[in-house]
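Below is one structure; the comments refer to it alone.
Naming: A, B, ... by sequence-line order, numbering from 1 per chain.
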2 protein chains.
Amino acid sequence: MKLGAIEAGGTKFVCAVGDEQFNVIERTAFPTKTPAETLAETVAFFKEHPVDAIGIGSFGPIDINPDSATYGYVTKTPKPGWQNADFLGYIQRELDVPTAWTTDVNEAAYGEAVAGATQGDDTSIYVTIGTGIGAGVVSHGGFYAGRTHTELGHLVMNRLPGDDLVSVCPFHDNCAEGLASGPAVNKRAGKPAVELAEDDPIWQTEANYIAQICVDLTVAFAPDKIILNGGVMHQQQLMPMVRDDFQTMFNNYQDLPAMTDYIVPAQLKDNSGIVGGFALAKDAL
Amino acid sequence: MKLGAIEAGGTKFVCAVGDEQFNVIERTAFPTKTPAETLAETVAFFKEHPVDAIGIGSFGPIDINPDSATYGYVTKTPKPGWQNADFLGYIQRELDVPTAWTTDVNEAAYGEAVAGATQGDDTSIYVTIGTGIGAGVVSHGGFYAGRTHTELGHLVMNRLPGDDLVSVCPFHDNCAEGLASGPAVNKRAGKPAVELAEDDPIWQTEANYIAQICVDLTVAFAPDKIILNGGVMHQQQLMPMVRDDFQTMFNNYQDLPAMTDYIVPAQLKDNSGIVGGFALAKDAL
């Protein structure tokens, strides 16, 4: 059995072929251009490396309602050319194999879940903090969704006193993505954040906002685990700072697992999405 | 068929008997004293008015995990005497009928759902803003729960510039309950909030915080409807102000139903919980 995975980001696409144990056999990555170019490139990869099923995790917003006429489409994205692009339909027409379709963060959340973050009925939340902020919720064996998928990058933040950053989110003055995504940190620093010292006060601000996200996720979804990943989390100093700020803010309101088991890095690092795609493909068979 | 409902609040208990169409036949209410006194009073009511099943919605936190040794208990509440009270067990031992057990806000959310707020697979969220703030999420025919039930009264608020209220939440400096519950409004007013003029600026502050709650609920749960109820919402001027602030903050980030269909008052007013209890009792049969 060969499994396919597509991790479709707004910046790059990753396509991979794996075996039943989710080992990567083939892998490619290319920049996200127009749907015509990028989906053709995706299909070409899987025509060269045939698979029995494909799991797709896409940047969004996307239509996840199987009863909708636009199921499988990317919908209202600001990404040029992708508004109302029939992503899933194109893949299904060109590659006649079973498919699974969800958000990029759900796919990664599922990858972490099958890698052991979640047991049985547990709830785990995968948060990516990078170019954007997003989160996927795996609970009781499925993804949480309501009318549509979650948009947890836009939770309202409590703006810290003295933080006068103009939000980088084009919609919201005080959302998580606007104040705490990678571009927000760069803007606050006035230079690429990777050039900041590890003990720069900007990381204190960043840790505080990430901790606020974790508090909101805790009271909203009552997860067993929150997994933090994405480019910003490559800053190793952040994880203990986030845990400390979370404990201060949450103030032992509920009994939680030990912090080192509760707010954790991704086990699969940059492979969470691909492994999740393989697992979704396997489920689709 | 006679259905029983218990709406167990931290201040008062309401017990009722209804018919299969959820019409109230008998009803009583009494103050919440010790578990021994109050649960005995509850049982006495149902011994006098026998029912075929009972739906229970309780103030919390409560244990909702059927595999837990303390399933059916009230757990870490500050309410004197109720820590680790075996609420459900006592009812089951004294009244030998099928029972259903959930939070007070879930029970009310279910009442609104069966009254038509939710259709089929829809997601609706019932928020009570009164002595405390809490919310129940009905989604795809069930209640959302993770490791435990939601605690949405403790979402992080963006404290408004100039709002120097010391939070009334004993745990959190900037949570919804701490800044926007009834006691918070009273404290901000320096007198009972019912004595404030309808156009007092304090209601602007209140509407803003409630709108923040609605934004967080929207991005977290993608509901089809948010129902606002509770003592504070008796202030009729608040609903349009909340909708306006929500629209300003959310800034058309997603296509949503019309505001008057999206953020709405409870259809059943003070009966949401009792009707939800009847419906849960019917399901338990």
Which atoms of B:His140 are under 4.5 Å from chain A, going by heavy atoms: the side chain, the backbone, both sets, or neither?
side chain
Would you say the side chain of A:Val219 lies within less than 4.5 Å of the side chain of B:His172, judging by non-hydrogen atoms?
no
Quick check for you: among A:Thr218, A:Leu217, A:Asp255, which has the greatest number of heavy-atom pairs under 4.5 Å with chain B?
A:Asp255
Of the backbone (N, CA, C, O) and the side chain (C-beta and beyond), which part of B:Thr150 lies under 4.5 Å from a heavy atom of chain A, both, or neither?
both
One option among A:Asn252, A:Asp173, A:Thr75, A:Ile213 has the most heavy-atom pairs under 4.5 Å with chain B, and it is A:Asn252
Indicate yes or no: at least one non-hydrogen side-chain atom of B:Val215 is less than 4.5 angstrom from one of A:His154.
no
Close side-chain approach of A:Cys169 and B:Tyr253, heavy atoms under 4.5 Å
no
If I measure from the heavy atoms of chain A, does B:Asp121 come under 4.5 Å with its side chain, its backbone, both, or neither?
neither
A:Ala145 to B:Ser139 - nearest heavy-atom pair and separation:
O-OG, 3.7 Å
For A:Ala220 and B:Tyr144, work out which heavy atoms get closest and say how close.
O-CE2, 3.8 Å
Are the side chains of A:Asp216 and B:Asp216 in touch, meaning some heavy atoms are under 4.5 Å apart?
yes
Ring centers of A:Phe250, B:Phe171 separated by less than 6.0 Å:
no
Is A:Leu256 close to B:Arg147 at the side-chain level, that is, under 4.5 Å between some pair of heavy atoms?
yes
Need one label for B:Pro170: side chain, backbone, both or neither, based on atoms under 4.5 Å from any heavy atom in chain A.
backbone
What distance separates B:Leu155 CG from A:Asn158 CG, expressed to the nearest 0.5 Å?
12.5 Å
Check: A:Thr148 and B:Gln254 side chains under 4.5 Å, non-hydrogen atoms:
yes
At a heavy-atom separation under 4.5 Å, does B:Val156 approach chain A through its side chain, its backbone, both, or neither?
both
Of all of A:Lys76, A:Gln212, A:His149, A:Met249, which one pairs up most often with chain B through heavy atoms under 4.5 Å apart?
A:Lys76
For each of B:Pro223, B:Ser124, B:Gly146, tally heavy-atom pairs with chain A at distances under 4.5 Å, and name the one with the top tally.
B:Gly146
